[in-house]
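Here the structure is laid out as structure tokens; the discussion comes afterwards.
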Amino acid sequence: MPQGALLFQATGYRHEIWTDHLRRLIPELDIRVAEEEAAPDDIAYCVAWRPKPGALKRYPNLKVVFSMGAGVDGIVADPTYPRHVPLSRVVDDTLSQGMTEYVVLHTLYWHRRMSDLASLQKLHKWRQIAAPRADSVRVGILGFGVLGQAAATALRALNYRLSGWSATPKHVEGVGTFHGESGLVPFLAEADILVCLLPLTPATRGILNAKTFAQLPKGAAVINCARGGHLIEEDLIAALDSGHLAGATLDVFQTEPLPEASPLWAHPKIVVTPHVAAMTDPASFMRHVADTIRRMDRGLPPENLVDFDRGY
Ligand code: NAP
Ligand code: GLV
């Protein structure tokens, strides 16, 4: 029997899509969906997505916070977050599958020159453009964690040449691995397609900048499906306009929704998608929440915990 109530705190989400799953899994759990319904002392569990700064410090009996996303930058950056409360993030096969599909789709898009072919179609022009063999295309994944490694497995099956960059050393069969600051330049030098799957932390903010782009081979493409804060948008536009970069796919932005006036929308070498690369599956996520609540009832710790010192 869970001790305390769960608060669902994700403004803008249709809560019943999420909470109905949880009610089925733990019928006896007291679920509150609005802050007004939640007497601070009652709340033991919280499901959160981009809570307002300060929102989570109101609950003295909070035992765990479940982030509805894999990325926890919006929560970790809140200096008032009560750090003794464990923060559990999404690590889920359905999310990895979604991200893998997105990365494979856009890797193929730039490798197979779909942007150029689409422009030719608009002009009713029949011109054959030969694409290089996949085994000569080097895909570099910035952030070689759960999602980066899942995408790499699928890309390897298509014969791409893979490399990954992480904070700590990794050994993954068939993948060139690089780590730390000293590993970044050699990693970039051999990335024809650069995929960003880093968490947003003070160390990674703005990492997709002019200096990084200059270190990529001429004609490289960039796929950012991590966070908008990784990218210096003006630097990307300059690198595309100079012809150094061939194209970019952007799923995440400094400001979301992307403002109508943003030059990114209409840039001929940019594909924009509205933060849809991998979306948390409500049923699967709530299974994780229910399992964790039951684990904690038995005195076991929650899983997939964020390390506040690292920021992810
Ligand atoms: P993860 O498992 O924590 O992996 C993060 C990777 O980044 C790890 O390999 C880590 O290195 C590396 N890293 C972190 N800081 C670094 C640094 N300063 N230098 C070098 N490498 C560093 O995270 P994940 O589950 O793969 O998720 C990655 C990100 O994807 C999330 O944080 C989120 O922002 C984004 N995301 C986006 C969407 C979308 O729809 N667009 C959906 C889901 C997630 P170590 O392995 O050495 O720690
Ligand atoms: C989505 O952006 C996530 O972090 O899961």
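Remember, it's 1-based here, ligands and their atoms both numbered in the order they're listed. Excluded from the calculations below are hydrogen atoms, water molecules and symmetry mates; all remaining heavy atoms, backbone and side chain alike, are included.
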Report task. Note the single closest protein heavy atom to atom 5 (O) of ligand 2, along with its residue, its atom name and the distance in Å. Result -> A70 N, 2.7 Å
Report task. For the pair W18 and F8, name the ring-plane relationship: parallel under 30°, tilted 30 to 60°, perpendicular over 60°. Result -> tilted
Query - Gap between atom CG of L250 and atom CD1 of I223 - 0.5 Å precision - result: 10.0 Å
Query raised in the report: What is the distance from atom CZ of F285 to atom OG1 of T94, rounded to the nearest 0.5 Å?
Result: 11.0 Å
Show which side-chain atoms of residues 271-284 pair as donor or acceptor with protein atoms under 3.5 Å away, not counting sequence neighbours.
unit_1: T273; atom_1: OG1; unit_2: Y102; atom_2: OH; d: 2.6
unit_1: T273; atom_1: OG1; unit_2: D251; atom_2: OD1; d: 2.6
unit_1: H275; atom_1: ND1; unit_2: E256; atom_2: OE1; d: 2.7
unit_1: H275; atom_1: ND1; unit_2: E256; atom_2: OE2; d: 3.3
unit_1: T280; atom_1: OG1; unit_2: M68; atom_2: O; d: 2.6
unit_1: D281; atom_1: OD2; unit_2: S284; atom_2: N; d: 2.9
unit_1: S284; atom_1: OG; unit_2: D92; atom_2: OD1; d: 2.6
unit_1: S284; atom_1: OG; unit_2: D92; atom_2: OD2; d: 3.2

Query raised in the report: ligand 2 and L95, any nitrogen or oxygen pair closer than 3.5 angstrom?
Result: no
For a quick test of your reading: what N or O donor-acceptor pairs under 3.5 Å do the side chains of residues 293-300 make, sequence neighbours left out?
unit_1: R294; atom_1: NH2; unit_2: L25; atom_2: O; d: 2.8
unit_1: R295; atom_1: NE; unit_2: P301; atom_2: O; d: 3.0
unit_1: R295; atom_1: NH2; unit_2: P301; atom_2: O; d: 2.9

Query - K57, NZ atom: more than 12 neighbouring heavy atoms under 6.0 Å - result: no
Requested in this report: Tell me which one of R227, E256, H275, M279 gets a heavy atom nearest to atom 4 (O) of ligand 2.
Outcome: R227
For a quick test of your reading: what N or O donor-acceptor pairs under 3.5 Å do the side chains of residues 136-146 make, sequence neighbours left out?
unit_1: S136; atom_1: OG; unit_2: R133; atom_2: O; d: 2.8
unit_1: R138; atom_1: NE; unit_2: D192; atom_2: OD2; d: 3.0
unit_1: R138; atom_1: NH2; unit_2: D192; atom_2: OD1; d: 2.9

Report every pair formed by an N or O atom of ligand 1 and a protein N or O atom separated by less than 3.5 Å, giving atom names and the distance to 0.1 Å.
unit_1: ligand 1; atom_1: 2 (O); unit_2: R89; atom_2: NH2; d: 3.0
unit_1: ligand 1; atom_1: 2 (O); unit_2: V146; atom_2: N; d: 2.9
unit_1: ligand 1; atom_1: 9 (O); unit_2: F144; atom_2: N; d: 3.1
unit_1: ligand 1; atom_1: 9 (O); unit_2: F144; atom_2: O; d: 3.2
unit_1: ligand 1; atom_1: 9 (O); unit_2: G145; atom_2: N; d: 3.1
unit_1: ligand 1; atom_1: 11 (O); unit_2: A167; atom_2: N; d: 3.1
unit_1: ligand 1; atom_1: 21 (N); unit_2: A167; atom_2: N; d: 3.0
unit_1: ligand 1; atom_1: 25 (O); unit_2: R89; atom_2: NH1; d: 2.8
unit_1: ligand 1; atom_1: 25 (O); unit_2: R89; atom_2: NH2; d: 3.2
unit_1: ligand 1; atom_1: 26 (O); unit_2: V146; atom_2: N; d: 3.4
unit_1: ligand 1; atom_1: 26 (O); unit_2: L147; atom_2: N; d: 2.9
unit_1: ligand 1; atom_1: 34 (O); unit_2: R227; atom_2: NH1; d: 3.3
unit_1: ligand 1; atom_1: 40 (O); unit_2: A278; atom_2: N; d: 3.1
unit_1: ligand 1; atom_1: 40 (O); unit_2: A278; atom_2: O; d: 3.1
unit_1: ligand 1; atom_1: 41 (N); unit_2: C225; atom_2: O; d: 3.1
unit_1: ligand 1; atom_1: 41 (N); unit_2: D251; atom_2: OD2; d: 2.9
unit_1: ligand 1; atom_1: 46 (O); unit_2: K170; atom_2: NZ; d: 2.6
unit_1: ligand 1; atom_1: 47 (O); unit_2: A167; atom_2: N; d: 3.2
unit_1: ligand 1; atom_1: 47 (O); unit_2: T168; atom_2: N; d: 2.7
unit_1: ligand 1; atom_1: 47 (O); unit_2: T168; atom_2: OG1; d: 2.5
unit_1: ligand 1; atom_1: 47 (O); unit_2: K170; atom_2: NZ; d: 3.4
unit_1: ligand 1; atom_1: 48 (O); unit_2: Y312; atom_2: OH; d: 2.6

